[in-house]
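Comments concern the structure below.
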Amino acid sequence: MRPSLLDPLFASLSSLPGIGQKTGELYARLLGRETLEECRIIDLLFHVPQGLIDRRKQPGIALSPAGAIVTVTARVDRHQPPPRGNSSVPYRVYLQDDTGEMALVFFRAKGNWLEKMLPVDETVMVSGKMDWFNGRPSMVHPDHIARIAEGESLPLVEPVYGLTAGLSPKMLRKTIEAALARVPDLPEWLDPSLVKQQEFPQTAEALRQIHDPQDADDIDPQSPTRRRLAYDEFLAGQLSLALVRARLRRTPGVPVRPTGELSEIVVRALPFSLTSSQSTAIGEILKDMSGEDRMLRLLQGDVGSGKTVVALMAMLAAVESGGQAVLMAPTEILARQHLATIGPLAEKAGIAVEILTGRTKGRERDEILDRIASGEARIVIGTHALFQDNVNYENLLLAVVDEQHRFGVHQRLRLTAKGISPHMLVMTATPIPRTLVLAAFGDMDVSKLTEKPAGRKPIQTVIMPAERIGDIVARLKTAVSEGRKVYWICPLVEETEESELMSVEERHAVLAQTFGARAALIHGRMSGPEKDAVMLDFKNGDTRLLVATTVIEVGVDVPDATIMVIEHAERFGLAQLHQLRGRVGRGSEASSCILLYKGKLSENAQARLKIMRETEDGFLIAEEDLRLRGEGELLGTRQSGTPGFVIASLEAHGDLLEIARKDAHYLLDRDPELNSPRGEAIRTLLYLFRRDEAIRFLKAG
Ligand SMILES: Nc1ncnc2c1ncn2[C@@H]1O[C@H](COP(=O)(O)OP(=O)(O)OP(=O)(O)O)[C@@H](O)[C@H]1O
């Protein structure tokens with residue numbers, strides 16, 4: 001049971017003032033949740049500022065740098081409404097200060113509102129991103145406007161948060177303030193000497209401080225506030241991993257003794273022979289599964305190295321031994337893709353494969369749940385829906401988690417918490433360093449797929465300035481008419497504050513002029529069935545050019561797609577480029593990858609693109625990436641640091657991880673059931689960081 005003192009933090013975000021259906025959707029998107037119902041107040045509090053605006057210094061209009069968030073105090077000189085009946089022209093309001101003049105630009109704005117907010121001759125304070133165009137400064141839709149004459153002002157220091165289109169900094173700030181008011185006093189769960197040595201604030205205080213930075217030091221990952229929360233998070237993570245391991249040790253596994261009948265049929269049906277890496281990995285997995293101890297193994301393989309077949313063989317072993325196996329994918333697209341690959345192969349061996357995702361509803365869902373409970377369903381593929389409370393397995397022997405860096409520890413815990421603790425195989429794509437494995441997975445055994453299937457031709461990678469798009473399109477036209485398939489990757493779904501980024505929709509519209517209906521579009525804001533339909537058309541060849549955001553980054557497998565264009569390649573991290581490029585070069589045809597860049601490349605961006613051109617070796621790329629960018633980037637999660645963690649980042653807080661690991665062991669050695677007073681407080685910590693599934697691993701739980 002969750003300690004009642006945390007109730008206010010786990011209340012729905014919708015209980016805060018001003019959050020209706022519409023804003024709720026924005027918050028769900030911001031926090032990466034499907035619906036508002038899934039957003040808790042604590043989730044918002046863990047959405048921490050990435051920077052701060054310091055209004056204590058205001059350089060004036062003419063000295064405000066392009067692209068920077070600036071604050072200007074100036075006099076309203078004149079309004080320039082758009083010509084009547086022409087709503088495509090923006091409404092402009094001109095401001096002047098001692099240094100010069102600038103325009104505030106409003107699209108589809110209401111004139112009355114602007115006249116009220118920005119009366120001529122009045123002095124106002126505005127804040128927003130400064131653009132310079134042809135030597136003239138302007139600000140499109142300022143984030144804030146304050147009328148000095150009305151006694152309004154802007155805070156002199158303001159935190160800057162990651163936003164989503166439609167959510168203004170002001171709205172977010174207000175909601176966070178309301179959320180902060182709900183933070184209760186929390187017990188101290190850390191050892192007093194550590195608190196003293198590290199100069200940690202209390203957790204509740206740290207939550208308040210992190211949202212109220214006073215200067216750049218407070219934003220720094222090394223600030224005591226951030227280090228405190230990072231430590232809490234690492235400790236919660238390490239405790240959960242340790243609790244799982246303790247539980248695994250307590251309950252012996254069910255040895256899996258495969259007969260080999262099914263896997264033989266499938267191996268014979270494969271259109272290729274297994275690589276020796278694949279065979280070795282399968283051998284290691286079967287050996288683990290045949291023992292009394294539960295398997296807890298990580299399968300690491302570079303892009304396109306053929307992890308799926310390995311997983312299938314492990315699942316067949318579980319089935320042969322009279323049990324069930326599940327495969328959990330991080331996204332709906334990937335779950336369906338696994339079904340498409342695995343389904344027909346398993347069918348050859350007479351096994352029907354079921355799929356269960358958030359989208360499976362109503363009668364269909366009930367029937368599938370029945371078949372899972374009765375054991376009729378032997379292999380089930382799905383998303384995290386596989387482990388919801390109402391899913392009961394007859395005899396689950398193996399769970400394969402296709403992690404792709406999207407899950408955290410607690411999804412795996414949830415799975416084991418179903419009381420069944422099956423053998424577990426976790427698959428990850430990019431090779432990751434040992435420390436990261438430790439943080440995210442604990443002490444797991446590792447199998448690696450080090451070679452690619454035979455017959456793969458190297459991917460030819462070229463780097464080109466975006467100005468050459470015309471040539472590229474002409475070349476693609478020929479390629480498409482010869483029947484080839486192309487991915488075209490754009491960085492963002494729609495124009496946001498980073499307006500210079502080409503939106504995927506716009507790019508699709510442009511390419512459709514050349515490719516007509518053969519050009520398709522896919523992005524993360526489309527519904528699941530829409531995405532499936534688009535992928536299917538592309539797979540079948542009904543469309544040949546797929547304009548996409550990074551939704552296709554992980555795991556998408558269309559072996560006859562052979563060309564990839566990546567726009568703004570300079571903005572992607574190496575790991576992400578490698579993952580994206582891994583979508584081509586998956587068949588026997590030669591493939592190519594065109595990395596387009598815009599503007600002058602920074603030294604670091606040049607180095608990244610050069611590495612991409614020189615090698616396809618994921619292990620090497622991972623090392624280089626680590627050198628250039630640090631671990632957060634290695635996993636393709638640019639701002640959010642280490643996957644599975646909201647505040648902690650290995651790059652910044654690696655020293656704390658080791659302390660947390662020892663602390664967790666020390667704690668559990670002395671108080672394995674967390675019954676002491678400190679143990680009680682530790683339970684609160686686990687709940688706070690949503691590692692509460694781990695509590696079920698306590699004997700009493
Ligand atoms: N031994 C093999 N020989 C030839 N082709 C293979 C072999 N094993 C797998 N493949 C094919 O290679 C492609 C990639 O396999 P798979 O989708 O399992 O890769 P992956 O390891 O999951 O990579 P990613 O992480 O990039 O998705 C598939 O089309 C698969 O059918």
Side-chain angles (χ1 to χ4, degrees), residues 1-48 161-168 171-184 207 211 328-333 335 356-366 368-369 382-392 406-415 417-418 493 524-531 551 640 644 646 684 686-696:
M1 267 257 296
R2 186 170 64 221
S4 57
L5 92 153
L6 290 181
D7 287 351
L9 292 179
F10 281 79
S12 163
L13 207 54
S14 61
S15 68
L16 292 177
I19 301 203
Q21 199 48 41
K22 203 138 182 244
T23 38
E25 278 167 27
L26 298 177
Y27 281 104
R29 193 183 328 141
L30 180 78
L31 300 173
R33 299 282 146 85
E34 300 253 317
T35 61
L36 175 61
E37 285 68 50
E38 292 170 44
C39 302
R40 314 270 140 204
I41 288 179
I42 187 68
D43 301 327
L44 184 68
L45 290 176
F46 283 149
H47 184 70
V48 301
Y161 292 92
L163 291 169
T164 186
L167 187 68
S168 73
M171 281 157 72
L172 178 61
R173 178 80 207 135
K174 257 181 103 167
T175 313
I176 285 183
E177 266 164 25
L180 283 172
R182 307 271 175 101
V183 176
L207 275 174
H211 290 286
M328 174 163 78
T331 64
E332 180 99 30
I333 294 193
L356 182 71
T357 70
R359 237 201 278 158
T360 326
K361 296 250 150 74
R363 265 245 328 262
E364 192 195 354
R365 187 180 189 86
D366 294 341
I368 293 176
L369 291 182
T383 55
H384 57 277
L386 287 171
F387 299 108
Q388 270 150 12
D389 285 339
N390 57 358
V391 191
N392 296 304
R406 297 274 156 125
F407 293 125
V409 179
H410 66 288
Q411 266 90 354
R412 285 195 300 272
L413 293 177
R414 176 118 150 229
L415 181 165
K418 291 197 74 69
V493 179
R525 307 266 171 89
M526 290 162 73
S527 75
E530 278 171 343
K531 281 190 271 196
V551 287
S640 53
V646 286
T684 309
L686 288 169
Y687 274 105
L688 188 67
F689 283 88
R690 294 200 159 208
R691 303 284 199 235
D692 46 314
E693 286 89 347
I695 290 174
R696 298 202 221 170

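This structure is a prediction, so every number in the text was calculated from the model and none was measured.
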| query | Are Val391 and Leu386 side-chain neighbours, meaning at least one heavy-atom pair lies under 4.5 Å? | reply | no
| request: Calculate, to the nearest 0.5 Å, the distance between atoms OG and CG belonging to Ser168 and Leu163 respectively. | output: 8.0 Å
| query | Run the side-chain contact (heavy atoms from CB on, under 4.5 Å) check on Leu44 and Leu172 step by step: do they pass? | reply | CA-CA 9 Å; Leu44 184 68; Leu172 178 61; 3.9 Å; yes
| query | Is there a side-chain contact between Asp43 and Leu13 (heavy atoms, below 4.5 Å)? | reply | no
| said: Please check: side-chain N/O of Arg365 versus main-chain N/O of Thr360, any donor-acceptor pairing under 3.5 Å? | reply: yes
| query | What's the shortest heavy-atom distance between Leu356 and Ala385, and which atoms? | reply | CD2-O, 3.9 Å
| message | Ignoring hydrogens, what is the shortest heavy-atom contact between Ser12 and Leu36? Give both atom names and the distance. | response | OG-O, 4.3 Å
| field | Smallest separation among heavy atoms of Gly166 and Leu26, with atom names | value | O-CD1, 3.4 Å
| Should Arg182 and Phe10 count as side-chain neighbours, where that means a heavy-atom distance under 4.5 Å? | no
| field | Contact summary for Ala329 and Ala335, nearest pair of heavy atoms | value | CB-N, 3.6 Å
| said: So that I can tick it off, tell me whether Glu332 and Arg359 are bridged by a salt bridge, with the cut-off set at under 4.0 angstrom between side-chain N and carboxylate O. | reply: yes
| Contacts of Tyr687 that satisfy ring-ring contact (aromatic ring centres under 6.0 Å, His included) - sequence neighbours left out | none
| query | Taking atom CG of Leu30 and atom OH of Tyr161, what is their separation to the nearest 0.5 Å? | reply | 11.0 Å
| field | Heavy-atom closest contact (Thr357 atom, Gly382 atom, distance) | value | CG2-CA, 4.2 Å
| Under 6.0 Å between the ring centres of Tyr27 and His47? | no
| request: Of all the heavy-atom pairs spanning Ser4 and Pro8, show the shortest one and how long it is. | output: O-CD, 3.9 Å
| field | Min side-chain heavy-atom separation Leu9-Pro184 under 4.5 Å | value | yes
| note | Interatomic distance, CG@Leu16 vs OG1@Thr23, rounded to 0.5 Å, equals 10.5 Å
| task | Using the test side chain to side chain contact (heavy atoms under 4.5 Å, CB included), find all partners of Glu37 that sit at least two apart in sequence or belong to another chain. | result | Thr35
| CG of Leu45 to NE2 of His211: how many Å apart, nearest 0.5 Å? | 5.0 Å
| task | Scan side-chain atoms only and decide if Thr164 and Arg29 contain a donor-acceptor pair under the 3.5 Å cut-off. | result | yes
| said: Quick check for you: to the nearest 0.5 Å, what is the distance between Arg2 atom CZ and Asp7 atom CG? | reply: 5.0 Å
| said: Could you check whether any side-chain N or O of Lys22 sits under 3.5 Å from a backbone N or O of Ile19, counting only pairs where one atom can act as donor and the other as acceptor? | reply: no
